[in-house]
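See structure below.
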Amino acid sequence: MKRSSVFILITLLLFSSCGIQKRVKKADKKFAIGEYYVAADLYKSCYSHLNSKKDRELKGYVAYKQGECYRLINNPRAASCYQSALRLKYHMQDSTIFLNCGMALQYQGKYKDAAKSYELYLQSHPDNYVAQAGRYACNKIDEWKRETSRYKVSEAKEFNQRRTSNFAPMFIGDNTDALMFASNRQENKKGTKKLKRASNVTGQQLFQLYQTRKNAAGEWEDITLAEGLYDAPEEEQKNDSTGGKQAGTAEMGVCSFTSDGRTMYFTYSKPINGKDLGAKIYRSDRASGEWGSPQEVKLFTDSSITVGHPALNAAGDTLYFSSDAPGGEGGKDIWCAEWDGSAWLNPQPLGKGINTSADEMYPYVHADGTLYFASNGHPGYGGLDIYKAERDTNFTDSVVWVLYNMGAPFNGTGDDFGITFAGNTQDGFFSSNRNDKKGYDKIYRFWLPEMEFLVEGAVNDEQGNPIADAKLRIVGSDGTNSKVNARHDGTYKIKLKKDVKYVMLATARGYLNAKEQWNTLGLKDSKTYEKNFALSPISRPVKMDNIFYEFGRWEITKASEEELNRLVKLLNDNPNITIELSAHTDLVGNDEYNLDLSQKRAQSCCNYLLSQGIEAERMTPVGYGKTKPVIADKNLNKQYPFIPVDQALDETFILSLPADKQEICNQINRRTEFKVLKTTYKLY
């Protein structure tokens with residue numbers, strides 16, 4: 001009895017082992033034909049039945065392949081599967097796991113861990129460009145995040161639908177009021193078919209093409225299936241693996257249009273007799289408002305080659321597309337073909353400047369000829385990033401590309417791809433799965449605000465009170481010469497131009513002029529300059545703040561130079577005035593000493609102005625000692641309420657105060673001032 005039980009147990013174990021081997025082979029077959037979602041489930045079921053010690057190699061392989069499936073369908077579980085495989089020493093079988101694990105970690109924004117994984121791969125493959133690019137990007141990411149862009153981005157909510165993916169928007173020809181995009185939303189409207197079959201590749205519902213137009217108010221509305229594309233030929237319905245009522249359905253994706261919007265090229269994928277034959281590019285011509293029967297575009301004689309993501313240039317004579325055809329750099333590459341009037345000929349990969357051993361997809365050609373595409377092989381933020389490619393005109397014998405990562409806000413962790421521009425503008429749409437936990441793609445709009453250059457500020461008196469009747473004259477190197485009146489509160493705002501040198505003069509009756517200079521040369525973003533003017537009155541003395549002397553001495557300190565330089569500027573801005581520059585002391589000391597000290601201090605200030613190029617004839621130094629105490633105004637009263645308005649800070653008043661308030665008054669009296677004597681110097 002016991003022998004019989006042991007025999008049965010061994011037999012069950014053998015059959016179980018054989019069953020797992022078969023399931024792994026089945027999963028491998030599904031993986032080979034690109035059905036990653038189905039393959040991932042098969043690998044997952046095998047993994048849990050394998051022993052970590054006895055089946056270590058096979059279990060490591062299964063974990064790795066499961067990770068590969070998840071990475072290829074952008075499932076965030078990819079990294080954890082790779083890490084399971086690494087714990088099972090799978091890297092001893094294939095060190096590529098370090099590269100792919102790095103890509104999966106970078107996709108999730110785990111840059112430090114990704115950099116370590118790339119580093120491990122580079123130890124055995126030091127020349128691998130994708131690993132080098134990944135490591136470089138992970139080390140530069142903090143710097144990139146600090147960089148700013150003038151582009152603005154927001155979700156185009158009118159195109160997106162919850163729990164569905166919507167991507168690859170494309171304007172229908174030159175008409176920027178009509179748009180088509182791919183979506184796997186489910187239609188319930190009369191006359192449309194509701195899809196139930198999920199893709200074996202992604203696990204999502206199949207994608208179809210939807211179109212929309214702007215109404216009279218400029219709003220996008222009436223999102224509908226592209227008319228005419230979904231009546232499949234009878235033969236295809238017969239062979240369609242979906243069968244029954246769902247016969248005739250197919251998956252359609254990225255599209256592109258001729259400039260007149262009458263011919264469309266699009267990605268088309270249809271399972272026949274239960275086999276997914278990969279994506280192809282089809283063409284459809286529009287007549288009477290509907291798209292005609294799709295016709296395959298023959299680009300390669302080998303029908304097993306996958307092609308998709310068509311993109312026409314403005315002239316319509318070059319077709320860019322993505323393909324895994326032999327002759328590329330590996331993965332999916334960007335190719336192009338030429339139109340000879342009747343067929344697309346001479347398909348060629350764009351070369352190493354564009355393509356890598358990873359994936360380059362979703363090409364787009366701007367109206368100005370610039371190429372855009374998505375890649376996860378060049379230095380980027382993780383996942384697919386959008387790149388701009390321009391031809392280097394320094395090379396005439398060969399095509400050399402200069403690449404630019406579009407940076408934030410276009411790119412981030414996850415996938416960013418499928419860009420389109422509205423005509424020759426810098427506004428448009430792109431798609432991304434950013435910030436979506438389930439990886440659904442959404443359409444985002446972007447725009448490049450017009451650069452705006454402004455100068456704004458206020459014109460006040462020296463005490464900070466607005467001067468309502470102030471005027472500003474602005475002169476520019478481009479010939480600008482205009483006058484602007486300040487508002488009643490003294491404020492102003494003036495629009496400027498780029499790459500111009502400006503001089504602005506602020507004037508007001510009864511006040512000295514003030515001048516500012518600046519320029520807008522070489523600016524790459526909008527900027528507002530703040531220029532505030534404090535005009536000094538002609539009729540009364542102006543106190544100079546921050547003029548400092550050593551105790552009991554008359555030499556000015558280094559800290560006084562900033563304030564004196566402001567006086568130098570004022571004198572240069574008003575070349576026809578002469579001033580009295582006076583110094584005042586407090587009550588401490590006798591009259592004769594204070595007069596001498598203050599005179600020397602006033603002369604020290606004049607000496608500094610003289611060293612800065614101000615003529616001696618324009619300055620009269622006077623030392624008043626303690627003979628001219630300050631008379632309080634409203635501003636001083638507001639700052640020190642114990643000092644009444646119009647109160648002279650003389651000896652009688654100060655000595656009537658407590659000691660601490662006496663010191664405040666003495667500090668107020670210790671001052672350096674200037675006042676205007678004449679406004680006609682060298683005028684006659």
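- Residue K498 places its NZ atom among more than 12 non-hydrogen atoms of other residues, nucleotides or ligands, all under 6.0 Å distant.
- For the ring-ring contact (aromatic ring centres under 6.0 Å, His included) with H91, the qualifying choice from F98, Y121, Y64, Y82 is F98, the only one to do so.
- F321 and Y265 have their aromatic ring centers separated by at least 6.0 angstrom.
- Counted within 6.0 Å of CZ on R150, heavy atoms from surrounding residues, nucleotides or ligands total more than 12; the atom is thus considered enclosed.
- Looking at heavy atoms from C-beta onward, L371 lies out of side-chain contact with Y364 at the 4.5 angstrom threshold.
- Put simply, the side chain of N75 does not reach to within 4.5 Å of the side chain of Y36, judged on heavy atoms.
- Applying the 6.0 Å contact sphere to CD of E147 captures more than 12 heavy atoms from other residues, nucleotides or ligands.
- Between F410 and Y151, the ring planes lie perpendicular to each other; the angle is over 60°, past the 30° to 60° tilted range.
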Take F430 and F417 through the ring-ring contact (aromatic ring centres under 6.0 Å, His included) test and state the conclusion after the steps. CA-CA 6 Å; F430 71 101; F417 60 99; 8.8 Å; no

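- Residue E158 forms a salt bridge (Lys or Arg N to Asp or Glu O under 4.0 Å) with just one option from R213, K214, K442, R445, and that option is R445.
- From Q426, atom CD reaches atom NE2 of H366 across 4.5 Å, with rounding to the nearest 0.5 Å.
- Remark: N166 pairs with T164, S183, R185 by the side chain to side chain donor-acceptor pair (under 3.5 Å) rule, at least two apart or across chains.
- N355 places a side-chain heavy atom less than 4.5 Å from the side chain of I334.
- Side-chain contact check for N160 versus D441: every heavy-atom pair is 4.5 Å or farther apart.
- In this structure, the ring of Y387 has its center no less than 6.0 angstrom from the ring center of Y362.
- Separation of atoms CD1 (I305) and NZ (K280) is listed at 7.5 Å; rounding is to 0.5 Å.
- With sequence neighbours excluded, the residues that form a side chain to side chain donor-acceptor pair (under 3.5 Å) with K140 are E143.
- The aromatic rings of W344 and W339 sit tilted relative to each other, their planes meeting at an angle between 30° and 60°.
- Under the 6.0 Å distance and 45° angle rule, R77 counts as a cation-pi partner of Y70.
- In summary, the aromatic rings of F373 and Y320 are positioned with their centroids too far apart to meet the 6.0 Å limit.
- Side-chain atoms of Y440 and F167, non-hydrogen and from C-beta on, never get closer than 4.5 Å to each other.
- Side chains of T224 and D222: no donor on one and acceptor on the other come within 3.5 Å.
- Taking the charged nitrogens against the carboxylate oxygens, R71 and E68 do have a contact shorter than 4.0 Å, which makes a salt bridge.
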With side chain to side chain donor-acceptor pair (under 3.5 Å) as the test, would you mind laying out the steps for N74 and D415 before giving the verdict? CA-CA 8 Å; N74 300 326; D415 287 328; 2.5 Å; yes

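- The distance between the ring centers of W335 and F300 falls below 6.0 angstrom.
- Residues that satisfy the side chain to side chain donor-acceptor pair (under 3.5 Å) test with N411, not counting sequence neighbours, are N405.
- Looking at every heavy atom in both residues, A168 comes nearest to V254 through CB-CG2, 3.8 Å.
- Between F171 and W220, the two ring planes are tilted [angle within 30° to 60°].
- Considering only heavy atoms from C-beta on, F266 stays 4.5 Å or farther from M180 through its side chain.
- Geometric assessment of R434 against the ring of Y444 yields a positive cation-pi assignment under the 6.0 Å and 45° thresholds.
- Between Y61 and Y43, the two ring planes are perpendicular [angle over 60°; tilted spans 30° to 60°].
- Ring orientation note: the planes of Y372 and F421 are tilted relative to one another, at an angle of 30° to 60°.
- Taking the ring centroids of F181 and F429, they lie at or beyond the 6.0 Å cut-off.
- Looking at heavy atoms from C-beta onward, Q208 lies out of side-chain contact with M252 at the 4.5 angstrom threshold.
- T356 approaches E329 most closely through the heavy-atom pair O-CB, 3.4 Å.
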